[in-house]
Amino acid sequence: MAAGPALKVYTPHTMTLSAATLRALPESVHTPTYDRTAHAPGVVHLGLGAFHRAHQAMVFDQLLASGDTRWGIHGVGMTRPDLVKQLRAQDGLYAVRVADGQGVRWQVPGALWRMNVAATERDAVVQAIAAPTTRWVTLTVTEKGYTPALGQLLLDGLRLRQQAGLPGVTVASCDNLQGNGHKLQALVKAEIPAKDMTAQDAELLRWLDAQCAFPCSMVDRIVPAATPEVMAAAQEALGLQDHCALSTEGFWEWVIEDRFADPADAALLQSAGVRVTGDVHSYEEAKLRMLNGSHTAMALMGAITGRPFIASCIGVPHIREFVHQLMGHEVAPHLSRSDWADYRDALIERFGNPYLKHSVHQIATDSSQKIPQRWPPSVLGQIEQGASFEHHALAAAVFVRYTLAVDEQGQAYALNDPQAESLMALGAAQRTEHAACVRALLAREDLWGNALPQHAGWIARVTHWHQQVLLHGVDAAVQQLLTTTP
């Protein structure tokens, strides 16, 4: 009798994380115990990157674990079919390494139930927003994602809800934009024609105002892009392959305005550790200007000096002191968050977390979209008070130097920025015509607003520090600033 086909024996390291292999995980790994298949998702999330999966998805996982089945996620990758394909192959499961001073733990959140790609499966996304079970739409599409196309996508789904007689939803922006809820609401409404408005459009507008909520929110957790190192660590910890593994810190914060389509959601979110408040602004501005502002400054310094990670930047004493002074001397005086000093000290400790291999080039991505939110408000505040803005002037000079796209060791790097071409064109001649290049870049109102490009003192100090950076390098310029600034 002919022998049958040889059975392929799988060792644990050849198996991949999925619903079928969850039970094979070590007891030390926290896994979902709730049913992930019996209910339809209640949340549609746009922007299925690392941040969402290690932040809001873990909050919703906690709510699901408490027995509330309404928080499963229909995740939408805006442009990346590769990530969605990988997550689908793993049944929406992935491991998160949470590492801080208290140690390291692994968790597999189970809140991600369905997935689509907006660029290629737009109708499925619209139908998901319009689904009867959908209660929330959340967004992490980055600053550059707030386009008319996004407004139209949301409006198409919301219009279907209204036409079907369904209740409104909470639409929560979780991106680093001041007044993000207001901006998102305006973006959606802008897609309803103001001229020649039909009776149906007018009714939709009334329904949006009466039934949908667009709360402002601030989210905070450092989540680097996935790396081979994290995937290797996941395989070691899980005994399985995980192509979507992530690493993050223990700290997380989600502050959201008390404005929901269903007011009962406030208490639910608070039970999971979310801060629900009428004052998101004070937390939002502190995060944008302290965490994000110093992140951008360090990322640009790291890119130019060849330091690959934020931890390798903050580990250098003079950069650490620069960041401490930047936040304490030039940012804090213009914040309404009263515990800013504790927040600053915690940030510096978080930046140094050795487990967070947060790439400086990842953080420097889209700097032209980020800088307007992060630096000019503090500089203008200092000018108004007649106070020093030297740290921001040096940071701006480093940004000009960054547009050369080559580090101090002569290694080229890419500017991953929507404005990369124009920035590099303006900065190309800075070695020979440094003052003219600085003036040209500082003249851009899309970066600096309309006041700073006219401020002679600001232009003079950025020009001074740019010359020091070109002549002596970033590190020497930072050290010089620290010895000359009180």
Side-chain angles (χ1 to χ4, degrees), residues 51 55-56 139-146 172-187 214-222 251-259 274-299 322-351 363 366-385 387-389 391-393 395-396 399 445-452 458:
F51 181 84
H55 191 286
Q56 295 102 343
L139 297 91
T140 50
V141 296
T142 76
E143 294 90 337
K144 68 181 178 184
Y146 285 72
S173 167
C174 301
D175 285 294
N176 289 321
L177 292 164
Q178 283 194 309
N180 51 21
H182 306 311
K183 286 186 169 68
L184 185 59
Q185 185 175 26
L187 193 72
F214 291 80
C216 293
S217 78
M218 184 280 282
V219 289
D220 187 359
R221 190 172 217 179
I222 297 173
F251 178 94
W252 69 274
E253 193 170 33
W254 187 357
V255 182
I256 190 164
E257 187 179 7
D258 192 358
R259 186 190 298 270
V274 177
R275 188 190 300 258
V276 179
T277 176
D279 176 31
V280 174
H281 178 71
S282 62
Y283 296 92
E284 179 184 71
E285 68 177 2
K287 191 225 175 182
L288 274 169
R289 301 186 202 176
M290 276 194 154
L291 190 160
N292 300 132
S294 57
H295 242 180
T296 294
M298 279 189 287
F322 171 87
V323 170
H324 189 275
Q325 291 187 11
L326 173 80
M327 291 196 280
H329 295 178
E330 298 184 19
V331 178
H334 317 289
L335 297 178
S336 50
R337 182 167 178 165
S338 57
D339 63 345
W340 67 262
D342 292 339
Y343 184 56
R344 173 201 58 199
D345 296 346
L347 281 176
I348 288 176
E349 189 173 330
R350 291 166 62 196
F351 291 154
I363 295 164
D366 301 337
S367 287
S368 70
Q369 314 292 295
K370 296 171 177 175
I371 284 172
Q373 302 272 337
R374 302 179 181 189
W375 293 350
S378 298
V379 179
L380 292 168
Q382 290 293 93
I383 289 170
E384 194 174 319
Q385 292 183 1
S388 167
F389 47 75
H391 295 74
H392 280 93
F399 173 63
E445 292 189 1
D446 60 325
L447 283 168
W448 310 105
N450 53 19
L452 287 181
W458 165 250

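As the structure is a prediction and not an experimental result, all values here were calculated from the model.
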Cation-pi check, R221 to F251: give yes when NZ or CZ is under 6.0 Å from the six-membered ring centre and within 45° of the ring axis, no otherwise. no

Would you check if there is a donor-acceptor pair between the side chains of N176 and K370 at a distance under 3.5 Å? no

Ion pair present between D345 and R350, side-chain N to carboxylate O less than 4.0 angstrom? no

Does any N or O in the side chain of T296 come within less than 3.5 Å of the main-chain N or O of G293, such that one atom is a donor and the other an acceptor? no

Sequence neighbours left out, what passes ring pair (Phe, Tyr, Trp, His ring centres under 6.0 Å) with F322? Give chain and number order. H391

Just by distance, do the side chain of K287 and the backbone of V219 share a donor-acceptor pair under 3.5 Å? yes

Before giving the answer on side chain to side chain contact (heavy atoms under 4.5 Å, CB included), spell out for E330 and S388 the whole-Å C-alpha distance, their side-chain angles and the decisive distance to 0.1 Å. CA-CA 7 Å; E330 298 184 19; S388 167; 4.2 Å; yes

Checking the side chain of D175 only, and the main-chain atoms of T142 only, is there a donor and an acceptor separated by less than 3.5 Å? yes

Go through R344 and D342 one step at a time and tell me if the salt bridge (Lys or Arg N to Asp or Glu O under 4.0 Å) criterion holds. CA-CA 5 Å; R344 173 201 58 199; D342 292 339; over 6 Å; no

Decide yes or no on side chain to side chain contact (heavy atoms under 4.5 Å, CB included) for V274 and E253, but give the supporting numbers first. CA-CA 7 Å; V274 177; E253 193 170 33; over 6 Å; no

Taking the side chain from E257 and the backbone from C216, do they hold a donor-acceptor pair closer than 3.5 Å? yes

Which of M327, H295, R337, E285 passes side-chain contact (heavy atoms from CB on, under 4.5 Å) with M290? Answer is M327

Side-chain contact test, heavy atoms from C-beta onward, threshold under 4.5 Å: evaluate it for N180 versus C174 and give yes or no. no

Here the gap from L335 atom CG to E284 atom CD, rounded to the nearest 0.5 Å, amounts to 12.0 Å

Does any donor atom in the side chain of T277 or Y283 lie under 3.5 Å from an acceptor atom in the other side chain? no

Counting only heavy atoms not in E445 (residues, nucleotides, ligands), do more than 12 fall under 6.0 Å from its CD? yes

Would you tell me whether Q382 and H334 have side-chain atoms, one donor and one acceptor, within less than 3.5 Å of each other? yes

In the structure I gave you, are the side-chain heavy atoms of R289 and Q373 within less than 4.5 Å of one another anywhere? no

